[in-house]
Amino acid sequence: MDSAYTEPILDWYAANARDLPWRAPDATPWGVLVSEIMLQQTPVARVLPVWREWMARWPRPADLAAEPSGEAVRAWGRLGYPRRALRLHESARAIVARHGGRVPESHADLLALPGIGAYTAAAVASFAFRQRHAVLDTNVRRVLARLVSGEEFPPRSQTAAEVRLAESLLPADPPTAARWSVAVMELGALICTARTPRCVDCPVLSSCAWQAAGRPAYDGPPRRGQTYAGTDRQCRGRLLAVLRDADGPVEKSALDVVWSDPVQRERALDGLVADGLVDPLDDGRYALPA
DNA sequence: AACGCGTGGAT
DNA sequence: TATCCAAGCGT
């Protein structure tokens, strides 16, 4: 349904959208899917060069599906959360096996792919196939919290009310709804940012509930801070970096030197093996998965 | 339904 | 320097 926000935000997007390659007219559904997975919890600037490499090397799902999963992990580089690379590789194989090598168009089929949840399924269906879905990512949730609910930040976990609100604001025409979804995301990414919103440049400042309320500070429960130094996550990252940067299998000693605590190191390595990110060879060495 | 899962730039 | 946080997902 159109609201007071619809036209100003669509117009703002038309004039201010970033020129991102996965939004180009020649971007394929596969390119959109790869971008969405890479962008999960990861800034655009860091994704850009890796996405370009992937598209040049694996222009179709079948190209990635033909590789060992370890190549996807290696080419993931330092994007973080490397299980995403593994699942993207699994998805490529599922797309070949179940969908003839073409990225499926239906939300349900997309959702059934590994590593694709409600957000990513809606995003691909909207941005690659111009369908009408509520696309609720962290940007959209924050924009709607401010614009409509008058609060600085959305609830910690997504609520049914947020989904209903997002659906209620979706323009009726599917291609317009898809444009609206990406426009709200872009507004959140460029103007209605988490830390220091640029309200002076906001196209809907005059109808913003948070602005009208005097921009009250968030008063909900404190967001859990993610400490990193000394965690298993950091340890896993160090271990996997050794394998990524090596040409082939590495000796256990090469892993041992990057983390001093042996108990934590073994636990992290076991975790990587359990996740399928590391392959323990019969000769005692370790490698990226075949 | 919390929690684990990487990384690095911005403030 | 420490903290925040960036197009989430799976368990």
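Chain A is the first sequence line, chain B the second, and so forth, proteins listed ahead of strands; every chain is numbered from 1.
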- request: Return the residues of residues 22-46 of chain A meeting this criterion: a heavy atom under 4.0 Å from some atom of DNA chain B. Order them by number, or give none.
  value: Gln41(A), Thr42(A), Arg46(A)
message: Can you see if the side chain of Thr120(A) gets near the phosphate of dC9(C) - specifically, an N or O under 4.0 Å from OP1 or OP2?
response: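 Checking dC9(C) against Thr120(A), a side-chain N or O does come within under 4.0 Å of OP1 or OP2.
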Distance from [X] atom [atom1] to [Y] atom [atom2], nearest 0.5 Å?
{"X": "Phe127(A)", "Y": "Ser181(A)", "atom1": "CZ", "atom2": "OG", "result": "5.5 Å"}
{"X": "Ser260(A)", "Y": "Arg265(A)", "atom1": "OG", "atom2": "CZ", "result": "8.0 Å"}
{"X": "Leu144(A)", "Y": "Ser168(A)", "atom1": "CG", "atom2": "OG", "result": "8.5 Å"}

query: Closest heavy-atom contact between Tyr81(A) and Arg233(A)?
result: OH-NH2, 2.9 Å
What is the distance, rounded to the nearest whole Å, between atom [atom1] of [X] and atom [atom2] of [N]?
{"X": "Leu79(A)", "N": "dG9(B)", "atom1": "CG", "atom2": "P", "answer": "13 Å"}
{"X": "Tyr81(A)", "N": "dA7(C)", "atom1": "OH", "atom2": "P", "answer": "13 Å"}
{"X": "Asn139(A)", "N": "dA6(C)", "atom1": "CG", "atom2": "C1'", "answer": "8 Å"}
{"X": "Phe127(A)", "N": "dA7(C)", "atom1": "CZ", "atom2": "C1'", "answer": "8 Å"}
{"X": "Arg156(A)", "N": "dG8(C)", "atom1": "CZ", "atom2": "P", "answer": "17 Å"}
{"X": "Gln158(A)", "N": "dA7(C)", "atom1": "CD", "atom2": "C1'", "answer": "13 Å"}
{"X": "Leu48(A)", "N": "dG9(B)", "atom1": "CG", "atom2": "C1'", "answer": "15 Å"}
{"X": "Gln234(A)", "N": "dG4(B)", "atom1": "CD", "atom2": "P", "answer": "16 Å"}

Give the nucleotide from the list [options] with an atom nearest to the side chain of [X].
{"X": "Tyr119(A)", "options": "dC5(C), dG10(C), dG8(C)", "result": "dG8(C)"}
{"X": "Arg78(A)", "options": "dA7(C), dG6(B), dG8(B)", "result": "dG8(B)"}
{"X": "Arg195(A)", "options": "dT7(B), dA10(B), dC9(C)", "result": "dA10(B)"}
{"X": "Arg142(A)", "options": "dG6(B), dA6(C), dT7(B)", "result": "dA6(C)"}
{"X": "Arg83(A)", "options": "dA7(C), dA10(B), dC5(B)", "result": "dC5(B)"}
{"X": "Glu186(A)", "options": "dG10(C), dA7(C), dC5(C)", "result": "dA7(C)"}

Could you give the distance separating [M] and [N] at their [atom1] atoms, to the nearest angstrom?
{"N": "dC4(C)", "M": "dG6(B)", "atom1": "C1'", "value": "15 Å"}
{"N": "dA6(C)", "M": "dC5(B)", "atom1": "C1'", "value": "15 Å"}
{"N": "dA7(C)", "M": "dA2(B)", "atom1": "C1'", "value": "22 Å"}

- request: Using side chain to side chain donor-acceptor pair (under 3.5 Å) as the criterion, list what pairs up with Thr120(A), not counting sequence neighbours.
  value: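 Partners of Thr120(A) by the side chain to side chain donor-acceptor pair (under 3.5 Å) criterion, ordered by chain and then number, come out as Gln40(A).
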- request: Sequence neighbours left out, what pairs pass ring pair (Phe, Tyr, Trp, His ring centres under 6.0 Å) with at least one residue falling in residues 146-165 of chain A?
  value: Phe153(A)-Tyr218(A)
- prompt: What does Thr196(A) touch in the nucleic acid at a heavy-atom separation under 4.0 angstrom: a base, only the sugar-phosphate, or nothing?
  reply: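 Touches nothing.
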task: Using a heavy-atom cut-off of under 4.0 Å over every strand shown, decide if Ala123(A) touches base, sugar-phosphate, or nothing.
output: nothing
message: Quick check: on DNA chain C, is the nucleotide nearest Arg87(A) upstream (toward 5') of the one nearest Gly188(A), or the reverse? Name the residue that is more 5'.
response: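 It is Gly188(A) whose nearest nucleotide is closer to the 5' end.
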query: Is there a path from Ile116(A) to Met38(A) through hydrophobic residues (I, L, V, M, F, W, Y) whose side chains come within less than 4.5 Å of each other?
result: yes
- request: Kindly indicate whether the side chain of Arg233(A) and the base of dG6(B) share any N or O donor-acceptor pair separated by less than 3.5 Å?
  value: yes
- request: Please tell me which of Gly237(A) and Ser157(A) maps to the more 5' nucleotide of DNA chain B, matching each residue to the nucleotide holding its nearest heavy atom.
  value: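 Checking each residue's closest nucleotide, the 5'-ward one belongs to Ser157(A).
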- prompt: Do Arg93(A) and Glu90(A) meet the salt-bridge criterion of a basic N to acidic O distance under 4.0 Å?
  reply: no
